[in-house]
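Okay, handing you the structure first.
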Amino acid sequence: MAAAFSDALARAARQHGWQGWDREAIEVEVPANAEHGDYATSVAMRLAKTLRRPPREIAGAIKDQLDLRPPLASADVAGNGFVNVRLDVAWLRGQVDAIIADGADYGRSETLRGKHIQVEFVSANPTGPLTLANARGGPLGDVLSSVLRFAGADVQREYYVEDGGTQVKRFGESVAIRYRQLFGEETPVPQDAYPGEYVTEIAAQIKEKHGDLYRTLTLEEQGRVFAPMAIDWVVADAQRVTRKFGITFDSWFKQSSFLESGYFAKTMEELRRRGCLVDRDGAVWFETSEARALDREGEEGWVVIRSNGDPTYLGTDIAYHRLCLEERGIDLKINVWGANTHYHLLQMKIALPALGIAEDRWSVVLYQYVRFLHEGVLQRMGRRTGLFLMLEDVLEAVGKDATRFLLLQRGADSQLDFDFELAVQQSNDNPVYYVQYAHARIASIFRTAAERGITPDGADLSALATPAEHALIKLCLRFPELLADIVGHRGAHLLTGYALELAGAFHGFYRDHRVVSDDVTVSKARLRLVQAVQVTLRQTLGLLGVSAPDSM
RNA sequence: GGGCCGUUAGCUCAGUGGAUCAGAGCAUCCGCCUUCUAAGCGGAAAGUCGCGGGUCCGAUUCCCGCACGGCCCGCCA
């Protein structure tokens, strides 16, 4: 559509000798009011100043140059200078067949063909089971991945297991404390130890498997031995729960792998070679003029290797991103991160270019943290505070489909407060059922049609004559455009809004239009129409990772 | 002190990189099931799109300032 306007503008400009315009000024919109056509552009008003012509004159010239062949039927100038166009009805009806023919490929494109994209999400600290806080990144990353893959990209879903940090040490020692307690030892639990029953459960498993084998070790030694076992337990648990959430990761990538392989050290050498590192107080600091500019006071820079020799989160993350983008053949890395990492994000935006990695090769979807109602008070979830809502409990109580839909109805930027009791209570009111019901209703219509021996075969689509029928087709046609929007960084949550809109349009149509009736011609055509709607709904739900039932 | 995000109907939140954009669901009220599933449909009521400036033919949308809420500024991640 933009191309049609753009070509018409180019021809009009040539004809009238206009100078100084550019194609970027073209914006196509779908008017809310059907009387204003199917598509419209306000480009004439935008160009009025540059071209020094009245908007209506420009609009008229563009209108005259529009190629009025299907899919376009007519164009007119309205308001202060809008160009409105209408779609050719015969062409529109024909799209019903096209959508059904595409079937499971409807909406698929090749725009990202050949591009290797990694989407890294969830990646919770491997020190405990997944909570609803980590989980918000799940549907966001999973659905974005699906959409990118549908647009032709080679997408890898990655779960990054940060098994090398200080928190992991603490986790191992927390398990050790429980291990000792299982043998009746009076071991005090320090403030910063991990709470939660799973810690004891892991300790019990170790006891069961190895007995008192490790009893003679010091707490620190026990922690070192237990940490990898505990990590394995947590990773296996995360794999189980994410699968329950409808997410399958292509890789579970451990931080320890590139610490042990020496890649981290090599990356630090490279930073040093580029003059970005400074040794101070026994630690190694990242320090460049850009880093100083970010920190207002800042001559300090940021520690990448602690004085005890351990790398910091920033240090390992620099190496991890470099590894992905320079060694693993990934063209674009997209991280889905919680809002508390925004400062880290700014640091990374300075550190990666310092290694010569182009800024446009990675981006971050930052989502606001999930808070939840605990004893009537909104609380921030945190494993270290011991306050959290387990993802698995929510999935059990609310269901996979409803949870995914719920989390995807809001944009990543919007704050999300979760009331567990309310969610359970309202799960029957969840909008996801509204959408699924539309799909099931269509399936039911087909069952009725089959009973009466009516099939959509050989339908004459010209029987689709009402505005509501045409509106349904137009709405189905928006699906590919929506996917293009999402690929263009618009956010996966738009899919839920679209699903609701399409389901709503169908429910309204259903009320006013009998599909299976004595009029076989109309019945066949309408069966064909609702089939196209069903295909589009199924495609939308499929990308959302929500099931599309045939009956409810 | 600095930074990131938010502020839209009673509640929970969509939306628009400017016009033909004031939206959905829930909650409230009124109607609709001998006919393809009422997990549905139609209607009513409900908002100066946080406040103040600015740019413009036009601002809920863009810019600046302010207020309020959340988050962040560690040799934690």
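Keep in mind the model is a prediction, meaning the values are calculated, not measured. Labels below follow one simple rule: chain letters A, B, ... track the order of the sequence lines, proteins then strands, and each chain is numbered from 1.
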Q) Is B:C66 syn or is it anti, if syn means the base angle is within 90 degrees of 0? A) anti
Q | Nearest listed nucleotide, side chain of A:Asn340, among B:C76, B:C72, B:G40 | A | B:C72
Q: Identify whether NZ of Lys or CZ of Arg in A:Arg170 sits under 6.0 Å from the centre of the six-membered ring of A:Tyr194 and within 45° of that ring's axis.
A: no
Q. Base, sugar-phosphate, or nothing: which does A:Ala78 touch, judged by heavy atoms less than 4.0 Å apart?
A. base
Q. Closer than 4.0 Å, any side-chain N/O of A:Tyr434 to the OP1 or OP2 of B:C41?
A. yes
Q: For nucleotides B:G6 and B:U20, find the distance between their C1' atoms and express it as a whole number of Å.
A: 29 Å
Q) Does A:Tyr510 have a side-chain nitrogen or oxygen under 4.0 Å from the phosphate oxygens OP1 or OP2 of B:A38? A) yes
Q: Please work out whether the ring planes of A:Phe509 and A:His513 are parallel, tilted or perpendicular, with thresholds of 30° and 60°.
A: parallel
Q.
Under the criterion salt bridge (Lys or Arg N to Asp or Glu O under 4.0 Å), I'd like the reasoning laid out for A:Lys524 against A:Asp457: C-alpha separation, chi angles, the key distance, then a yes or no.
A. CA-CA 7 Å; A:Lys524 279 179 173 290; A:Asp457 300 335; over 6 Å; no
Give each protein N/O atom lying under 3.5 Å from an N/O atom of nucleotides 4-8 of chain B, with the pair distance.
| residue | atom | partner | partner atom | Å |
| --- | --- | --- | --- | --- |
| B:C5 | O2' | A:Gln368 | NE2 | 3.4 |
| B:C5 | O2' | A:Asp413 | O | 2.7 |

(Q) Using a 4.0 Å heavy-atom cut-off, does A:Gly37 contact any base of the nucleic acid, only the sugar-phosphate backbone, or nothing at all? (A) nothing
Q: Just jot down the ring-ring contact (aromatic ring centres under 6.0 Å, His included) partners of A:Tyr159, sequence neighbours excluded, or say none.
A: A:Phe249, A:Trp252
Q: Report which part of the nucleic acid A:Phe82 touches: base, sugar-phosphate, or nothing (heavy-atom distance under 4.0 Å, all strands).
A: base
Q. Between B:A14, B:U20, B:C36, which nucleotide gets closest to the side-chain atoms of A:Arg514?
A. B:C36
Q. OP1, OP2 of B:A38 versus side-chain N and O of A:Arg441: anything below 4.0 Å?
A. yes
Q.
Please determine whether salt bridge (Lys or Arg N to Asp or Glu O under 4.0 Å) holds for the pair A:Asp550 and A:Arg447, giving the CA-CA distance in whole Å, both sets of side-chain angles, and the decisive distance to 0.1 Å.
A. CA-CA 10 Å; A:Asp550 284 335; A:Arg447 284 191 292 270; 5.8 Å; no
Q) Are the ring centres of A:Tyr434 and A:His507 closer than 6.0 Å? A) yes
Q) Does the ring center of A:His36 lie less than 6.0 Å from the ring center of A:Phe82? A) no
Q: Go ahead and write out RNA chain B as dot-bracket, 5' to 3': ( ) for pairs within the strand, [ ] for ones crossing earlier pairs, | when the partner sits on another strand, dots for unpaired; Watson-Crick or G-U wobble, both distances under 3.5 Å.
A: (((((((..((((.........)))).(((((.......))))).....(((((.......))))))))))))....
Q: Would you mind classifying the nucleic acid contact of A:Gly165 as base, sugar-phosphate or nothing, using non-hydrogen atoms under 4.0 angstrom?
A: sugar-phosphate
Q: Report the residue (A:His344 or A:Ala443) whose heavy-atom-nearest nucleotide on RNA chain B is the more 5′ of the two.
A: A:Ala443
Q. Where along residues 303-323 of chain A does a heavy atom come under 4.0 Å from RNA chain B, residue by residue in number order?
A. A:Val303, A:Arg306, A:Ser307, A:Thr312, A:Tyr313
Q. Hey, does A:Thr496 reach any base, or is it just sugar-phosphate, or nothing, if we go heavy atoms under 4.0 Å?
A. nothing
Q.
Considering every strand and a 4.0 Å limit on heavy-atom distances, what is the contact class for A:Arg371: base, sugar-phosphate, or nothing?
A. sugar-phosphate
Q) How far does the C1' atom of B:G65 sit from the matching atom of B:C71, given to the nearest Å? A) 23 Å
(Q) Quick check: A:Tyr320 with A:Tyr160 (ring centres under 6.0 Å apart)? (A) yes
Q) Across the strands shown, which category fits A:His513 at heavy-atom distances under 4.0 angstrom: base, sugar-phosphate, nothing? A) base
Q) Which is true for A:Ala440 with a 4.0 Å heavy-atom rule: it touches a base, it touches only sugar-phosphate, or it touches nothing? A) base
Q) Distance between the P atoms of B:A45 and B:C62, in whole angstroms? A) 31 Å
(Q) If only side-chain N and O atoms count, and only distance matters, is there a donor-acceptor pair under 3.5 Å linking A:Gln415 with A:Tyr369? (A) no
Q: Taking only Lys NZ, Arg NE, NH1 and NH2, and the carboxylate oxygens of Asp or Glu, determine whether A:Lys254 and A:Glu162 approach each other closer than 4.0 Å.
A: no
Q | Interatomic distance, A:Leu294 CG vs B:C72 P [rounded to whole Å] | A | 17 Å
Q. More 5' along RNA chain B: A:Ala449 or A:His36, using each one's nearest nucleotide?
A. A:His36
Q.
Taking the minimum atom-to-atom distance to the side chain of A:Arg511, which one of B:C32, B:U20, B:C36 wins?
A. B:C32
Q: Determine whether the aromatic ring centres of A:His344 and A:Trp337 lie less than 6.0 Å apart.
A: yes
Q | Selection from B:G15, B:A77, B:A19 that lies nearest to any side-chain heavy atom of A:Thr166 | A | B:A77
Q. Who pairs with A:Glu173 by side chain to side chain contact (heavy atoms under 4.5 Å, CB included), at least two apart in sequence or on another chain?
A. A:Glu220
(Q) Testing A:Asp163, A:Thr316, A:Asp317 one by one against A:Gln255 for a side-chain hydrogen bond (donor to acceptor under 3.5 Å, both in side chains), which residue passes? (A) A:Thr316
Q. Which part of the nucleic acid, if any, lies within contact of A:Ala283, taking any heavy atom under 4.0 Å across all strands shown: a base, the sugar-phosphate backbone alone, or nothing?
A. base
Q. B:G15 phosphate, OP1 or OP2: any side-chain N/O from A:His493 under 4.0 angstrom?
A. yes
Q) Among residues 518-527 of chain A, which contact RNA chain B at a heavy-atom distance under 4.0 Å? A) none
Q) Which value, in whole Å, describes the distance between the C1' atoms of nucleotides B:A38 and B:U34? A) 15 Å
Q.
Counting the atoms with a prime plus P, OP1 and OP2 as sugar-phosphate, which does A:Asp281 contact under 4.0 Å by heavy atoms, base, sugar-phosphate, or nothing?
A. base
Q: For B:C76 and B:A67, measure between their C1' atoms and round to the nearest Å.
A: 33 Å
Q.
Would you say the ring centers of A:Phe258 and A:Phe264 fall short of 6.0 Å from each other?
A. no
Q) With respect to the side chain of A:Val516, which nucleotide from B:C36, B:C73, B:G31 is positioned closest? A) B:C36
